[in-house]
Amino acid sequence: MRGVRVLRQDPVETLFAFICSSNNNIPRISGMVEKLCHEYGEFLGEIGDVAYYAFPNMKDLKGSRVEEHLRSVGFGYRAKFISQCASYILQHHDSEWLEILRSASYNDAHAALCQLPGVGAKVADCVCLMSLDKHEAVPVDTHVWQITAKHYMPHLVTTKSLTAKVYKQIGDHYRALFGEYAGWAQSVLFTADLKRFQDTQSISHANLKSSSSKRSVESQSKSTSSYKVSAKKKKKSSK
DNA sequence: GAGATTC
DNA sequence: ATCTCA
């Protein structure tokens, strides 16, 4: 049986990859990250006829020259965020600052990340959860917002946009329910709603509730006591 | 809260 | 998704 896993990724790669993710789709994000590696990363070797490069060091990502180049290859407004973010971290902190944030509290790490250009609450939570060991971090995108409002927090169905206030409310809701597993719960919610996982019994959206399928979830009891995490929690330290 | 930003 | 403007 397959499960939903929250990986422990490299903080630098995670931060810059999620800066690329804003208002963007996965194929394009993947292409952008590969471009960063190929253009600015160290050559690692090749397997067959495919060359592999490491994710760049931040010192190689800063500067207006980088920004201009990234813009010319289709990074859009994210080009500025990437170069400025690298500059900011190296100027105000150092190259190991992100790793050091692993020993900070979730609230401190989140607040610090939100200071960076191109990093808001959502990207900060993604970095916290996927690379900084902050498993109470709950990244709330428009998708998770809609799912949560519909199935778990009905009073939010009338909210017109994902404001900072609503963002906090949703995260706090899951933290109260799942504590240190809140981030994992978010991953299950998110994954369960992906079309390609709709028929994957082991991680169906409705599994966070007591029973039944996704289609009939609306008619179910909304009581929090029916929420179950059950025995499908998993974690891994590498891909 | 609305609109712009990249493709 | 973040930022800017109002």
Side-chain angles (χ1 to χ4, degrees), chain A residues 6 9 11-40 55-56 58 61-89 91-93 98 101 106-107 109-132 134 137-150 153 155-174 182-183 186-187 189-191 193-194:
Chain A
V6 175
Q9 304 282 48
V12 174
E13 179 169 345
T14 303
L15 172 62
F16 288 90
F18 276 99
I19 287 176
C20 292
S21 79
S22 78
N23 190 22
N24 210 348
N25 54 66
I26 291 174
R28 186 166 170 230
I29 298 166
S30 304
M32 290 163 78
V33 172
E34 282 175 16
K35 254 173 202 156
L36 286 177
C37 294
H38 190 263
E39 297 289 330
Y40 301 103
F55 193 84
M58 290 191 279
L61 251 23
K62 64 178 185 179
S64 55
R65 200 181 113 271
V66 173
E67 178 185 337
E68 288 173 35
H69 173 249
L70 293 180
R71 256 187 197 285
S72 73
V73 294
F75 276 61
Y77 60 87
R78 302 166 199 83
K80 178 187 283 184
F81 289 154
I82 289 168
S83 63
Q84 285 188 347
C85 187
S87 298
Y88 184 97
I89 291 174
Q91 177 146 54
H92 297 265
H93 308 285
L98 287 170
L101 281 183
Y106 162 59
N107 285 145
H110 188 269
L113 291 171
C114 284
Q115 294 299 110
L116 304 172
V119 179
K122 196 271 187 177
V123 167
D125 272 328
C126 287
V127 176
C128 280
L129 174 63
M130 278 122 108
S131 76
L132 298 182
K134 307 295 181 269
V138 180
V140 182
D141 65 351
T142 188
H143 209 57
V144 168
W145 167 45
Q146 301 292 351
I147 295 168
T148 304
K150 185 175 180 181
M153 298 178 80
H155 63 288
L156 292 182
V157 293
T158 57
T159 55
K160 298 197 188 292
S161 66
L162 185 48
T163 60
K165 180 184 174 185
V166 172
Y167 187 100
K168 179 77 161 45
Q169 285 184 340
I170 293 175
D172 286 344
H173 172 79
Y174 288 115
Q186 178 271 3
S187 296
L189 282 178
F190 189 89
T191 305
D193 244 48
L194 291 177

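A note on names: the letters A, B, ... follow the listed sequences, proteins ahead of strands, and every chain is numbered from 1.
- Taking the side chain as every heavy atom from C-beta outward, A:V127 and A:V119 never approach each other to under 4.5 Å.
- At most 12 heavy atoms of other shown residues, nucleotides or ligands fall within 6.0 angstrom of atom NZ in A:K80.
- The NE2-C1' distance, from A:H143 to C:dA1, rounds to 16 Å in whole Å.
- Ring pair A:H143/A:F190 is perpendicular by interplanar angle, where above 60° counts as perpendicular and below 30° as parallel.
- Atom NZ of A:K122 is surrounded by more than 12 heavy atoms from other residues, nucleotides or ligands within 6.0 Å.
- Checked by atom type and distance alone, the side chain of A:K134 never pairs as donor or acceptor with a backbone atom of A:A109 at under 3.5 Å.
- In this structure, A:T163 reaches the sugar-phosphate backbone alone: every heavy-atom distance under 4.0 Å involves primed, P, OP1 or OP2 atoms, never a base.
- In this structure, A:Q115 atom CD and C:dC3 atom P are separated by 10 Å, rounded to whole Å.
- Within residues 70-81 of chain A, the residues approached by DNA chain C to less than 4.0 Å at the level of any non-hydrogen atom are A:Y77, A:F81, in residue-number order.
- Side-chain N or O atoms of A:Y167 include one that pairs as donor or acceptor with a backbone N or O of A:A121 at under 3.5 Å.
- Residue A:D141 is in sugar-phosphate contact alone, with no base atom involved, counting any heavy-atom pair closer than 4.0 Å across all strands shown.
- Between A:L15 atom CG and C:dA1 atom P there is a gap of 16 Å when expressed in whole angstrom units.
- Spacing between atom CH2 of A:W145 and atom C1' of C:dA1 amounts to 13 Å, rounded to whole angstrom units.
- Using the six-membered ring where Trp is involved, A:Y88 and A:H92 have ring planes that are parallel, under 30° apart on the 30 and 60° scheme.
- What separates CD of A:Q84 from C1' of C:dT2 is a distance of 13 Å, to the nearest Å.
- Extent of DNA chain B lying under 4.0 Å from chain A heavy atoms, first and last nucleotide in 5' to 3' order, is B:dG1 to B:dC7.
- A:A149 meets the side chain to side chain contact (heavy atoms under 4.5 Å, CB included) test with A:L156, A:V157; sequence neighbours excluded.
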